[in-house]
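Only heavy atoms go into these numbers, but all of them, side chains included; no hydrogens, no water, no symmetry mates. A note on names: the letters A, B, ... follow the listed sequences, proteins ahead of strands, and every chain is numbered from 1.
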Amino acid sequence: MIDKTIPLKNKERIWQVVYRIPKGQVATYGQIALLAGLPRAARLAGSSLKGLPKDTSIPWHRVINAQGRISLPPSSPSYKEQIKRLTEEGILIHNQKISLRDYLWEP
DNA sequence: GTTTTGACTAACT
DNA sequence: AAGTTAGCCAAAA
């Protein structure tokens, strides 16, 4: 039988993984890429979040870099939004850094 | 087809 | 600890 199923675009696979990050926890770009079956494509994880609609249900704000920092330009509007959302979920940020030890998602 | 780009990272200074 | 470098890989140009 020929397989007619449409393969998911990589972007969509990234989104699916991000969607699973529990509230109050965070994940890194590299981790997301890995779980999406794209090891070492951390940059793709990042660019896949760019351009998501503002009202998306995908919790893009729970994705941070491997150093526990927000990877957006601090001048960007989204930067403040991300801090706001994380704080609202009970995630504390000290000196621009989030403790991976405390909040990192372990699937 | 080739080259450039980037919400990245691990490994070095 | 903080800054730099080289490697990464899928998309977009």
Side-chain angles (χ1 to χ4, degrees):
Chain A
M1 183 47 118
I2 300 168
D3 183 5
K4 293 183 224 177
T5 60
I6 302 153
L8 290 175
K9 297 184 183 243
N10 288 324
K11 243 196 222 177
E12 303 171 318
R13 303 178 55 155
I14 298 288
W15 293 338
Q16 286 195 342
V17 175
V18 173
Y19 192 75
R20 311 205 327 247
I21 307 172
K23 182 180 354 172
Q25 298 192 254
V26 297
T28 68
Y29 296 97
Q31 181 181 13
I32 295 300
L34 183 64
L35 291 170
L38 298 159
R40 298 181 289 301
R43 299 181 96 128
L44 179 66
S47 23
S48 299
L49 298 180
K50 177 166 36 185
L52 283 175
K54 196 180 171 190
D55 58 15
T56 183
S57 53
I58 296 172
W60 55 269
H61 58 280
R62 296 181 189 143
V63 187
I64 61 180
N65 65 34
Q67 309 163 54
R69 305 170 114 290
I70 291 175
S71 280
L72 275 88
S75 54
S76 131
S78 306
Y79 181 88
K80 283 195 316 213
E81 176 65 18
Q82 184 163 14
I83 290 181
K84 179 169 162 252
R85 292 195 187 190
L86 290 172
T87 303
E88 282 172 354
E89 297 187 358
I91 295 171
L92 302 180
I93 306 174
H94 294 109
N95 302 321
Q96 330 276 309
K97 281 198 341 221
I98 294 158
S99 167
L100 296 181
R101 199 163 96 149
D102 293 339
Y103 302 115
L104 186 63
W105 177 39
E106 292 164 38

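- The A:Leu49 side chain lies nearest to B:dA7 when the options are C:dA10, B:dT9, B:dA7.
- The listed nucleotides are B:dG6, C:dC8, B:dC8; the one nearest the side chain of A:Lys50 is B:dG6.
- If you measure from atom CZ of A:Arg13 to atom P of C:dC9, you get 15 Å, rounded to the nearest angstrom.
- Look at CD on A:Gln96: it is 16 Å from P on C:dA1, rounded to the nearest Å.
- Between A:Ser47 and B:dA7 there is no side-chain N or O to OP1 or OP2 distance below 4.0 Å.
- Rounded to whole angstrom, the span from the NZ atom of A:Lys9 across to the P atom of C:dC9 amounts to 21 Å.
- A side-chain donor-acceptor contact under 3.5 Å links A:Gln82 to the backbone of A:Val63.
- Rounded to an integer number of Å, the gap from CD of A:Gln31 to C1' of B:dA10 is 16 Å.
- The separation between A:Glu81 atom CD and B:dA7 atom P is 18 Å, rounded to whole Å.
- More than 12 heavy atoms of other residues, nucleotides or ligands sit less than 6.0 Å from atom OH of A:Tyr79.
- In this model, the phosphate group of C:dC9 is not approached by any side-chain N or O of A:Arg43 to a distance below 4.0 Å at OP1 or OP2.
- Within the 4.0 angstrom heavy-atom criterion, no nucleotide atom of any strand lies near A:Ser78.
- A:Trp105 and A:Leu34 fall into different hydrophobic clusters, where Ile, Leu, Val, Met, Phe, Trp and Tyr are joined by side-chain heavy atoms under 4.5 Å apart, directly or via other members.
- A salt bridge is defined here as a Lys NZ or Arg NE, NH1 or NH2 lying under 4.0 Å from an Asp or Glu carboxylate O, and A:Arg62 with A:Glu89 meets this definition.
- Rounded to whole Å, the distance from CG on A:Leu34 to P on C:dC8 is 16 Å.
- Side-chain N/O atoms of A:Asn65 include none lying less than 4.0 angstrom from OP1 or OP2 on B:dA7.
- Which of B:dA7, B:dT9, C:dC9 sits closest to the side chain of A:Arg40 comes down to C:dC9.
- Following rounding to the nearest Å, A:Arg85 (CZ) and B:dA7 (C1') show an atom-to-atom distance of 14 Å.
- The nearest whole Å value for the distance from the OH atom in A:Tyr29 to the C1' atom in C:dC8 is 17 Å.
- Residue A:Leu38 places its side chain closer to C:dA10 than to any other of B:dA7, B:dT9, C:dA10.
- Hydrophobic cluster membership is shared by A:Val17 and A:Leu52, with clusters built from Ile, Leu, Val, Met, Phe, Trp and Tyr side chains linked at under 4.5 angstrom.
- Across the interface with DNA chain B, nearest-nucleotide mapping of A:Leu44 and A:Ala66 shows A:Leu44 to be the residue nearer the 5′ end.
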